[in-house]
Participant: 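Please read through the structure below; I'll follow up with questions.
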Amino acid sequence: FEGTFPSTERLRERMRSLSAMVNGEKSIIIAAAVEAAQKISAPSSIKDHLYKFELGSEIERREVLEVLQDLGYERVDQVERSGHFSVRGDIVDIYPINEIHPVRIEFFGDEIDRITEVDVLTGEIRNELKHAAIFPASHYVVPQEKIQKAADAILEEMKEQVSYFKSEDKLIEAQR
C-alpha cells in the first residue's frame with residue numbers, strides 16, 4: 001500500500017465520481033490500484049455534507065461563508081479553480097469540486113435571486129440553474145465549531161501545563 005496526495009484536479013475527478021454515485025448515475029470508474037486502495041468517505045457521508053442552493057430560498061450570507069469554509073472551500077479574490085469561492089457584494093462565486101464549471105449565486109438580501117453556471121475564463125453566463133449542489137472540497141469535513149472546540153481544549157490544556165511548570169519553578173526557587 002502506498003499513499004498518494006491527489007492534486008486538486010485528481011480530487012475533483014474523484015469527487016465527481018462520488019457525486020455520480022450519490023446521485024445514482026450509472027458510471028464506470030477506472031483507477032490505478034494505488035488510488036483504488038485509498039480510503040475515502042462513504043458516499044452516504046459525502047451526501048450528508050452536500051449543500052444545496054435553491055432558487056428563491058433564503059440563507060444568511062454569514063451562513064453561506066461558514067458552510068463553504070466547513071466544506072473545505074478556500075476564499076479567494078477571484079475563482080479560478082475547483083475548491084475556490086469568492087464574494088463580491090451580493091454575488092458568491094463557487095467552483096464546486098464536483099462540477100466542470102463554477103456557479104454564481106446572486107442574492108437579493110438573504111434570498112437567492114439567481115443561480116447561473118459561469119465560464120471560468122470569460123466570466124460569461126453559460127446556463128441558468130434552479131439549484132446548485134455543492135459537494136465537500138475534501139473527503140473529510142470538519143465543521144468550524146468542532147475545530148474551535150478542539151482549539152479551545154488545546155488552549156486550556158496548555159494553560160494548565162504553563163501553570164504547572166510555573167508552580168514547579170516556584171518550588172525550585174523556594175528550595176534554593
Side-chain angles (χ1 to χ4, degrees), residues 3-25 27 29-31 35 38 40-148 150-151:
T4 61
F5 297 95
S7 68
T8 303
E9 293 306 310
R10 278 191 170 301
L11 180 60
R12 182 178 82 181
E13 292 304 317
R14 186 175 292 165
M15 294 305 283
R16 286 182 62 209
S17 297
L18 288 170
S19 170
M21 289 183 350
V22 166
N23 293 328
E25 299 170 19
S27 304
I29 300 171
I30 301 171
E35 288 182 332
Q38 287 185 15
I40 58 171
S41 296
S44 60
S45 173
I46 290 171
K47 192 173 187 175
D48 290 344
H49 292 99
L50 169 73
Y51 195 84
K52 288 187 178 181
F53 290 96
E54 300 281 340
L55 191 63
S57 64
E58 290 193 15
I59 181 173
E60 291 181 29
R61 178 184 155 132
R62 174 192 51 77
E63 185 180 337
V64 171
L65 303 181
E66 286 176 10
V67 164
L68 291 172
Q69 288 173 335
D70 286 350
L71 292 177
Y73 284 79
E74 179 184 355
R75 186 172 180 172
V76 295
D77 291 332
Q78 184 174 345
V79 170
E80 295 176 346
R81 63 185 177 111
S82 293
H84 282 172
F85 78 96
S86 69
V87 180
R88 291 182 321 282
D90 291 335
I91 296 174
V92 178
D93 287 338
I94 309 164
Y95 202 146
I97 198 79
N98 56 302
E99 296 294 339
I100 296 173
H101 301 287
V103 295
R104 177 167 290 157
I105 313 290
E106 297 179 34
F107 288 87
F108 184 75
D110 289 340
E111 182 181 340
I112 297 176
D113 192 41
R114 187 176 185 204
I115 304 173
T116 55
E117 189 178 72
V118 180
D119 186 294
V120 73
L121 297 175
T122 65
E124 294 176 1
I125 303 301
R126 296 178 51 85
N127 294 313
E128 295 275 340
L129 305 171
K130 293 185 185 203
H131 59 84
I134 310 298
F135 276 67
S138 169
H139 296 301
Y140 309 102
V141 176
V142 182
Q144 195 64 36
E145 63 193 34
K146 284 189 177 183
I147 293 171
Q148 187 61 51

Participant: Let's go through I112 and E54 carefully: what are the C-alpha distance in whole Å and the side-chain angles of both, what is the deciding distance for side chain to side chain contact (heavy atoms under 4.5 Å, CB included) to 0.1 Å, and is it a yes or a no?
Facilitator: CA-CA 7 Å; I112 297 176; E54 300 281 340; 5.8 Å; no
Participant: Where do A133 and P96 come nearest, in terms of heavy atoms and distance?
Facilitator: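 Answer, listing the atom of A133 first, then P96: O-CB, 4.5 Å.
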Participant: Taking the side chain as every heavy atom from C-beta outward, state whether E99 and F135 have any pair of such atoms under 4.5 Å apart.
Facilitator: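 A side-chain contact is absent here, since even the closest heavy-atom pair is not under 4.5 Å.
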Participant: How close do E80 and V120 get, heavy atom to heavy atom, and via which atoms?
Facilitator: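 Of all heavy-atom pairs spanning E80 and V120, the closest is O-CG2, 3.7 Å.
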Participant: Of I97, L68, L50, which meets side-chain contact (heavy atoms from CB on, under 4.5 Å) against I134?
Facilitator: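 Only one option passes, and that is L68.
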Participant: Once rounded to the nearest 0.5 Å, what's the spacing between atom CD1 of I105 and atom NE2 of H131?
Facilitator: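 Reported value, rounded in 0.5 Å steps: 11.5 Å.
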Participant: What are the two closest heavy atoms between G72 and A137, and how far apart are they?
Facilitator: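 So the two residues come closest at O-CB, 3.5 Å.
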Participant: Over all heavy atoms of both residues, which pair between V87 and R75 is shortest? Give the atoms and the distance, please.
Facilitator: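 Taking V87 first and R75 second, the nearest heavy atoms are CB-NH2, 3.5 Å.
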Participant: Specify the closest pair of heavy atoms between L129 and E117, including all atoms of both residues, with the distance to one decimal.
Facilitator: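 Looking at all heavy atoms of both residues, the closest pair is CD1-N, 4.0 Å.
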Participant: How long is the gap from CG on D90 to CD on E106, to the nearest 0.5 Å?
Facilitator: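 It is 9.0 Å, given to the nearest 0.5 Å.
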Participant: Quick one: does Y95's side chain have a donor or acceptor within less than 3.5 Å of a partner on I100's backbone?
Facilitator: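 Confirmed, Y95 side chain pairs with I100 backbone.
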Participant: Do the side chains of E60 and R62 get close enough for a salt bridge, i.e. N-O under 4.0 angstrom?
Facilitator: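 Salt bridge flag = yes for R62 with E60.
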Participant: Between CG of N127 and CD1 of I115, what distance do you get to the nearest 0.5 Å?
Facilitator: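 If I round to the nearest 0.5 Å, the distance is 12.5 Å.
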Participant: Between R104 (side chain only) and R114 (backbone N and O only), is there a donor and an acceptor less than 3.5 Å apart?
Facilitator: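 Side chain of R104 to backbone of R114: no pair is present.
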Participant: Quick one: pull up CD in E124 and CG in D119 and give me the separation to the nearest 0.5 Å.
Facilitator: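 Rounded to the nearest 0.5 Å, the CD-CG separation comes to 6.5 Å.
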Participant: Taking atom CZ of R88 and atom CD of Q78, what is their separation to the nearest 0.5 Å?
Facilitator: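 Answer for the CZ-CD pair, R88 versus Q78, is 7.5 Å.
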Participant: To the nearest 0.5 Å, how far apart are CD1 in I94 and OH in Y73?
Facilitator: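 I94 CD1 to Y73 OH: 7.5 Å, rounded to 0.5 Å.
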Participant: Report the C-alpha separation of V64 and F53 in whole Å, then their side-chain angles, then the decisive distance to 0.1 Å, and conclude whether the side chain to side chain contact (heavy atoms under 4.5 Å, CB included) test is met.
Facilitator: CA-CA 10 Å; V64 171; F53 290 96; 4.0 Å; yes
